[in-house]
Undergrad: 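One structure follows; several queries about it will come next.
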Amino acid sequence: MNGEKRREAAALTARQTRLLAALLTSPSLGDAAKVAGVSERTARDWRRLPHFRKALADARGEALADATTRATSALALAAALLPLLMWCES
């Protein structure tokens, strides 16, 4: 197995982990690259690596699940408070 194939099969490096986190919160690849301290070209190259793509998909899935949980909790609270607010205004 050559060096590139070994890197693809390995865990993310610290710099790749920073880029992954930045991709979850930045509006563009360029912005994420700046936040992570890597070039945009490096970010594009890493995004093509299978292990990075999988880690990014997993992280996005977790972020979506977390957001769904928070939204569901907020909705439950809003539904509980709405009748009280309506009663107070009567």
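Index from 1, following the sequence.
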Undergrad: Quick one: salt bridge (Lys or Arg N to Asp or Glu O under 4.0 Å) pairs with a partner in residues 16-37, sequence neighbours left out?
TA: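 Residue pairs passing salt bridge (Lys or Arg N to Asp or Glu O under 4.0 Å), neighbours aside: none found.
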Undergrad: What's the shortest heavy-atom distance between Val35 and Ser26, and which atoms?
TA: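 Taking Val35 first and Ser26 second, the nearest heavy atoms are CG2-OG, 4.1 Å.
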Undergrad: So does Ala59 get a backbone contact from the side chain of Glu62, meaning a donor-acceptor N/O pair under 3.5 Å?
TA: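 Not a single qualifying donor-acceptor pair exists.
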Undergrad: For Ala43 versus Leu29, what's the shortest heavy-atom pair and its separation?
TA: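 Answer, listing the atom of Ala43 first, then Leu29: CB-CD1, 3.7 Å.
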Undergrad: In the structure I gave you, are the side-chain heavy atoms of Arg60 and Leu64 within less than 4.5 Å of one another anywhere?
TA: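 No - every pair of side-chain heavy atoms lies 4.5 Å or more apart.
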Undergrad: With a 4.5 Å heavy-atom cut-off, do Lys54 and Asp58 have their side chains touching?
TA: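 Side-chain contact under 4.5 Å: yes.
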Undergrad: Transitively linked via ILVMFWY side-chain contacts under 4.5 Å: Leu81 with Leu75?
TA: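 No, because Leu81 and Leu75 fall into different hydrophobic clusters, even though each may have its own neighbours under 4.5 Å.
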Undergrad: Could you please spell out the steps behind the side-chain contact (heavy atoms from CB on, under 4.5 Å) verdict for Arg53 and Leu49?
TA: CA-CA 6 Å; Arg53 292 173 66 89; Leu49 298 174; 6.0 Å; no
Undergrad: Would a hydrophobic clustering, with Ile, Leu, Val, Met, Phe, Trp and Tyr connected at side-chain separations under 4.5 Å, put Leu23 with Leu12?
TA: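 Yes, Leu23 and Leu12 fall within the same hydrophobic cluster.
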Undergrad: Quick one: does Leu56's side chain get under 4.5 Å of Trp46's, heavy atoms only?
TA: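 No; the side chains remain at least 4.5 Å from each other.
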Undergrad: So do the side chains of Val38 and Gln16 get within less than 4.5 Å of each other, counting heavy atoms only?
TA: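 Answer no - side chains too far apart.
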Undergrad: Ignoring hydrogens and angles, state whether a donor on the side chain of Thr72 or Thr69 is under 3.5 Å from an acceptor on the partner side chain.
TA: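 Thr69 and Thr72 do not have a side-chain donor-acceptor pair below 3.5 Å.
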